[in-house]
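In what follows, a structure is listed as structure tokens, so that the remarks can point back to it.
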Amino acid sequence: MPRIAQYNFKKIEKRWKDFWDRFFKVDTHTPGKKFYYLNMFPYPSGVLHVGHGRNYIIGDAFARYKKMQGFTVLNPMGFDAFGLPAENAAIENKTHPRDWTIANIEGMKRQFREWGIVYDWDREIRTCEPDYYKWNQWFFLQFYKRGLAYRAAAVANWCPGCQTVLANEQVIDGRCERCDSPVEKRKLTQWFFKITQYAEQLLRDLEKLEHWPERVKKMQYNWIGRSEGVEIDFGLEGSSQRLKVFTTRPDTIFGVTFMALAPEHPLVEEFLAQASDPAFRAQMEAFVQRALQQGEITRGAVSVEKEGFFTGRYAINPINNERVPIYIANYVLMEYGTGAIMGVPAHDARDFEFATKYGLQIRRVVESSNALDEGRWESEGGATREASQSPPPLPYEGSGRLINSGEFTGLTSAEAFRKIGEFLESRGQGRFAVKYKLRDWLISRQRYWGTPIPMIHCERCGIVPVPESELPVKLPDVPFIGKSGLAEIPEFYQTTCPHCQGPARRDTDTMDTFVDSSWYFLRFISPHERERPFDPEAVNRWLPVDQYVGGVEHAILHLLYARFFTKALRDMGLVNFDEPFARLFTQGMIEHLAYRCPQHNWIHPSEVREGTKCPHCGQELKVDLHKMSKSKRNTISPHDVIAHYGADTERLYTLFMGPPERDIEWTEEGVRGSFRFLNRVWNLVLSQARKLTDAGELNTAQFTERDRKVWQKLHQTIKSVTEDIESFHLNTAVSAIMELTNELTDYVTEQPKKINKALVKRSLEDLVLILSPFTPFICEELWRRLGHEDAIVDQRWPTYDPQALHASEREIVIQINGKVRDRLTVPGSVSEDRAELQRRALAQMQPRLAGKQIQKVIVVPGRLVNIVVGG
RNA sequence: GCCGGGGUGGCGGAAUUGGCAGACGCUACGGACUUAAAAUCCGUUGGAGGUGUCCCCUCCGUGCGGGUUCGAGUCCCGCCCUCGGCACCA
């Protein structure tokens, strides 16, 4: 055995690192097959770890593959550069958020280059640059003109840690998604985008997104939360007002025994004002205060004890004119429906709990009854009949047949829904209605590092938009101070009213950074436009994005906002498509072991001594798998991996380690396995390359049986790798290439003298070609060593010959009673012939079958023969 | 509670959608090479058992319990566990 050297990846990577840029410059005006590949652009938070790399490595591999298939591939990159971490870092380091951000961007661009990841950097976007955020402001003004941007006082989520408001979407379990502080409620006047206007479309169009993960669609579906019901006006005793409620169960209206108001409901204030007894009023006020307070603190808690307060007032049920007591209840939400509910204890678990606690009447009005039950009575007799007949236990939340419901008694729930709704509608006491959980998008942030909202507050003229000709409203170029944002910079906010020229004040809020990412994919098409956000003609040609890839953590926020923007822009005539992303793939996280000491918290793996002891105190460490993060000190630096094994090894391992959509553990052993494989490929190609100069023409007619097997394997591999890449099964694509490598290695070592050189040459070329999107450095080098002058990135992706997929011989499994008992090798032509297969199988199994009764023979052409015997 | 993933060797994971379970890789063990180690190469690696001519055989085995089928990791019914999303949504 010759001593085998490790390939010199350092030299190779240095040679090709800067070579590929020119192949990925895209002229968006060139016709041809376009392919818009897009990775979610990153927030420039610092140095990237191998977990971040997964997203971009998948993208680079996919883009290279598509390019080889002859597509004009647009694969741009940019930076989501506004946001809070920059401000926090700036405060900590006494610098400007811009300096920190720019430094990180430069570092990340170097990392992309080290990884061999190529983007068309002429199209780079940085959202913190005025030439980008100018258009955020422009869109804002267009939205404002159309009533899609509005200012309203609302109870907002206030994060005391970040000193700013948050969108509903940014509150996780009652805590800030960024800093984890408990979120408070504050009443503030803020800017909103009217995303609810598109609730129905956003929901309905999910159906169009065939190539989105089901999981993501479901999450959006639930988030939008559509429900169909009836809005019902109850009368108010002693008042001409009406009490409006929304219900999805109008069929249970005869079961109403109380009403409940949210503590924030406007009627509550009225009742308080009208209360004649001061002691009673004080009690009611105390209850309301407590409920409001509780709402803030326990938001997100699993279940809170239901509490209520009887207001002493009564409502009138429009269906039967019954008098029902009105309560204030902590479990009724102001933000959903009308902020008031009709209480039906018999058919709603929450109302049941409430009614039980306060001794309210519980009236059954729906009985489970359906044809299935009746059918069972006929066939199964006594016991079942009795069991089915006893009414279901309360609360019964299912549907059924109405009882105790006046003229509607006997109807099914579905019929009653419609009939009762129509009845109320005809009398002007109700109407069919659709409600959504989705709320409008609160975009104001009380921060510095974001897009200034282009509005001016004038004492005389009110709120005045900044004229479009004066955009962008730039962030003031002053030394960065601290937490209160633009409100502490008079140079910024002091201005004159565009209307009356009098003194006025600029809006000091900036926009949520999700505005930046809601349209960046459009800007990439024509990033240097100065007079408009993008070139609509080019955008309509290139969009929707053909393949979008990113983390599942953006399943709701970013993807919903981007869809909303697209629809709003379409309605403004700026684009002509409904959905921005045709295909979506969400990749999983990379995890790594993290070590935690009870005293010294997270310990970096390199510091851990003697197995699992803390280096500071010697205590036993707790070891757990976590996704890589700086805070848990379990990140792996790509720089280190590249120094040891090269960028190709990191890329290959990242793609091979497991299915890309799944979370997966990073292991050093796995990295070494990928490195070994690349060495094997290197040695295989180099051991043959020089011998192949006189290879001659490939002639399949001269193939030996062995040659034919290799040929088949080659074509099978091309087929499965192609299909696997298309479906993002990148791990199996790599393993197929490994199998081919093993087969070729066997072939050239078995009988080195007898190899078919033309076959070897073609096989090695195709091997290097199909491997090149994954490990471009080594493949570019090997391509040259195989005698080619031109770049591998510029080659065409190999295609397979369906003829070659079928071997001349096939192995057929012989089963007896479903168990494999033997095999049969037959020529390809025979493998499809049922009768012949059966004949041969029976003949071969003759000895075993002696004395057995053959009951049946099943033949699956090309696969197996199953002989069913008795006895 | 509701919705959606997922449960396969010591580990990450394959399995043409009903047709040879465990591809590919890792780990571990044995061997070759070496003064030695590393690297590399060869072999073994789901479990149990067997008088087993070297291409050996038998049984068991894909979270659990049933079912359909000639045949089930895959389909159906009923559970368990786990991860993620939503959650007093009327």
Side-chain angles (χ1 to χ4, degrees), chain A residues 1-6 172-173 213-223 225-227 229 245-249 252 260 295 298-306 329-333 335-344 347-351 353-354 397 435-438 552-553 555-556 652-653 656-659 661-674 676-677 679-680 683 716 719-720 723 729 731-739 741-742 749 811-823 855-860 862-869:
Chain A
M1 261 310 130
R3 194 183 161 81
I4 291 167
Q6 287 180 5
I172 313 291
D173 290 337
E214 213 51 46
R215 184 165 61 132
V216 172
K217 285 194 278 186
K218 272 285 192 257
M219 279 160 74
Q220 294 215 352
Y221 182 92
N222 291 336
W223 190 264
R226 180 182 201 273
S227 43
V245 301
F246 173 74
T247 178
T248 55
R249 292 297 301 274
T252 64
T298 58
R299 196 188 162 85
V302 178
S303 75
V304 181
E305 173 82 12
K306 294 190 179 20
N330 63 347
Y331 73 96
V332 181
L333 305 174
E335 306 98 72
Y336 187 75
T338 62
I341 60 155
M342 60 180 215
V344 187
H347 303 291
D348 181 279
R350 296 155 298 174
D351 296 347
E353 189 187 331
F354 189 81
E397 295 186 305
K435 298 281 178 199
Y436 302 91
K437 282 195 270 185
L438 184 70
V552 74
E553 67 274 17
I556 297 174
L652 189 73
Y653 176 58
F656 178 61
M657 63 196 304
E661 70 277 10
R662 213 173 294 180
D663 291 348
I664 205 148
E665 184 189 353
W666 180 276
T667 65
E668 176 77 15
E669 292 77 18
V671 178
R672 282 210 300 269
S674 294
R676 274 199 284 264
F677 169 72
N679 274 303
R680 282 201 293 272
N683 289 315
Q716 277 172 346
K719 180 171 190 278
S720 60
E723 288 168 358
H729 296 149
N731 54 324
T732 50
V734 174
S735 65
I737 295 173
M738 288 174 168
E739 285 186 57
T741 307
N742 293 344
T749 46
E811 196 176 67
I812 303 294
V813 165
I814 305 175
Q815 296 180 333
I816 294 176
N817 290 345
K819 291 189 172 159
V820 182
R821 284 292 178 264
D822 209 346
R823 276 145 231 277
Q855 291 173 344
K856 204 174 181 183
V857 179
I858 285 129
V859 181
V860 182
R863 201 152 290 168
L864 60 80
V865 179
N866 186 14
I867 304 163
V868 185
V869 299

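Throughout, protein chains are lettered first and strands after them, A, B, ... in sequence-line order, and every chain is numbered starting at 1.
- Rounded to whole Å, atom P of G5(B) lies 10 Å from atom CZ of R215(A).
- Going from atom CE of M219(A) over to atom P of A87(B) covers 11 Å, rounded to whole Å.
- Considering every non-hydrogen atom in both T248(A) and S227(A), the closest pair reads CG2-CB, 3.9 Å.
- The number of heavy-atom neighbours closer than 6.0 Å to OH of Y436(A), taken from other residues, nucleotides and ligands shown, is above 12.
- Distance alone, capped at 3.5 Å, is enough to place a donor-acceptor pair between the Y653(A) side chain and the T667(A) backbone.
- Y336(A) is linked by a ring pair (Phe, Tyr, Trp, His ring centres under 6.0 Å) to nothing, counting only residues two or more places apart in sequence or in another chain.
- Rounded to an integer number of Å, the gap from L652(A) CG to C24(B) P is 16 Å.
- Scanning all heavy atoms of the two residues, the minimum distance from T338(A) to V245(A) falls at OG1-CA, 3.3 Å.
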For a quick test of your reading: what N or O donor-acceptor pairs under 3.5 Å do the side chains of residues 813-822 of chain A make, sequence neighbours left out?
unit_1  : atom_1 : unit_2  : atom_2 : d
N817(A) : OD1    : V869(A) : N      : 2.9
D822(A) : OD2    : Q844(A) : NE2    : 3.2

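- A87(B) atom C1' lies 16 Å from atom OH of Y221(A), rounded to whole Å.
- Under the side chain to side chain contact (heavy atoms under 4.5 Å, CB included) criterion, E668(A) pairs with Y645(A), R672(A), sequence neighbours left out.
- As rounded to the nearest Å, G7(B) and C75(B) have P atoms that lie 11 Å from one another.
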For nucleotides 10-14 of chain B, tabulate all protein N/O to nucleotide N/O atom pairs closer than 3.5 Å, reporting atom names and distance.
unit_1 : atom_1 : unit_2  : atom_2 : d
G12(B) : O2'    : M657(A) : O      : 2.7
A14(B) : OP1    : N731(A) : ND2    : 3.3

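- Across all strands shown, V344(A) has no heavy atoms under 4.0 Å from either base or sugar-phosphate atoms.
- Comparing G13(B) with A23(B), their P atoms are spaced 15 Å from each other, to the whole Å.
- The ring pair (Phe, Tyr, Trp, His ring centres under 6.0 Å) search around F246(A) returns none, not counting sequence neighbours.
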Check nucleotides 53-56 of chain B against the protein and report each pair of N or O atoms closer than 3.5 Å, with its distance, or say if there are none.
none

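- In this structure, E723(A) places its CD atom 12 Å from P of A15(B), rounding to the nearest Å.
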Would I341(A) and D351(A) satisfy side chain to side chain contact (heavy atoms under 4.5 Å, CB included), going step by step from the backbone distance to the final call? CA-CA 10 Å; I341(A) 60 155; D351(A) 296 347; 3.6 Å; yes
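- A straight line from NE2 of H729(A) to C1' of A23(B) spans 15 Å, rounded to a whole angstrom.
- The same atom, C1', is picked in G9(B) and in G46(B); the two are 5 Å apart, to the nearest Å.
- Here A90(B) is the nucleotide among G85(B), C88(B), A90(B) with the atom lying nearest to any side-chain atom of T247(A).
- Residue E214(A) is classed as having no contact, given no heavy-atom separation below 4.0 Å to the nucleic acid.
- When the nucleotides C20(B), G19(B), C3(B) are ranked by their closest atom to the side chain of K218(A), C3(B) comes out on top.
- Taking atom C1' on both nucleotides, G22(B) is separated from A15(B) by 8 Å, rounded to a whole Å.
- Using a 4.0 Å heavy-atom criterion, one finds that R226(A) contacts no nucleic acid atom at all.
- Counting all heavy atoms, side chain and backbone alike, M657(A) lies closest to I664(A) at O-CD1, 3.1 Å.
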Quick one: which protein N/O atoms are closer than 3.5 Å to N/O atoms of nucleotides 66-70 of chain B? Pair and distance per line, please.
unit_1 : atom_1 : unit_2  : atom_2 : d
C70(B) : OP1    : K856(A) : NZ     : 3.1
C70(B) : O2     : N866(A) : ND2    : 2.4

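- Under the side chain to side chain contact (heavy atoms under 4.5 Å, CB included) criterion, R215(A) pairs with M219(A), V552(A), T586(A), not counting sequence neighbours.
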Secondary structure of RNA chain B in dot-bracket form (Watson-Crick or G-U wobble, distances below 3.5 Å, | marking inter-strand pairs): (((((((..(((......[....))).(((((.......))))).(((((.....)))))..(((((..]....))))))))))))....
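- Between the P atoms of C29(B) and A38(B), the separation comes to 11 Å (whole Å).
- U62(B) and G6(B) have their C1' atoms separated by 14 Å, given to the nearest Å.
- Of the candidates C20(B), A90(B), C24(B), the closest approach to any side-chain atom of S227(A) belongs to A90(B).
- Spacing of C1' atoms, G61(B) relative to G49(B), comes out at 15 Å, to the nearest Å.
- Residue E811(A) places its side chain closer to C20(B) than to any other of A90(B), C20(B), G19(B).
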Stepwise, does the side chain to side chain contact (heavy atoms under 4.5 Å, CB included) test hold for E353(A) with Y331(A)? CA-CA 11 Å; E353(A) 189 187 331; Y331(A) 73 96; over 6 Å; no
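- Between the side chain of K437(A) and the base of C86(B), no donor-acceptor pair of N or O atoms lies under 3.5 Å.
- Put simply, R676(A) has a side-chain N or O that comes within less than 4.0 Å of OP1 or OP2 on U27(B).
- Side-chain atoms of R823(A) come within donor-acceptor range of the base of C20(B), with a qualifying N/O pair under 3.5 Å.
- Remark: N866(A) engages no residue in a side chain to side chain donor-acceptor pair (under 3.5 Å) (not counting sequence neighbours).
- Atoms CG (L864(A)) and P (G19(B)) sit 10 Å apart, rounded to a whole Å.
- Regarding contacts with the backbone of G25(B), a side-chain N or O of R680(A) is found under 4.0 angstrom from either OP1 or OP2.
- Comparing the C1' positions of G10(B) and C59(B) gives a spacing of 23 Å, expressed to the nearest Å.
- For E397(A), the side chain to side chain contact (heavy atoms under 4.5 Å, CB included) partners two or more places apart in sequence, or in a different chain, are D348(A), A349(A).
- The residues E214(A) and K218(A) are annotated as not salt-bridged, no charged nitrogen and carboxylate oxygen being separated by less than 4.0 angstrom.
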Does the side chain to side chain contact (heavy atoms under 4.5 Å, CB included) test come out yes or no for N742(A) and F677(A), once each step is laid out? CA-CA 10 Å; N742(A) 293 344; F677(A) 169 72; 5.8 Å; no
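- Nucleotide C88(B) holds its P atom 12 Å from the CG atom of N330(A), rounded to whole Å.
- Residue-level contact check: G673(A) touches the backbone only, with heavy atoms under 4.0 Å from sugar-phosphate atoms and none from bases.
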For nucleotides 58-61 of chain B, which of its nitrogen or oxygen atoms have a protein nitrogen or oxygen under 3.5 Å away, and what is each distance?
unit_1 : atom_1 : unit_2  : atom_2 : d
C59(B) : OP1    : R821(A) : NH2    : 3.2
C60(B) : OP2    : K819(A) : NZ     : 3.3

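- Looking at which nucleotide of RNA chain B each of T248(A) and R672(A) is closest to, the 5′-most match is held by R672(A).
- Phosphate proximity of U40(B) to N683(A): absent, as no side-chain N or O sits under 4.0 Å from OP1 or OP2.
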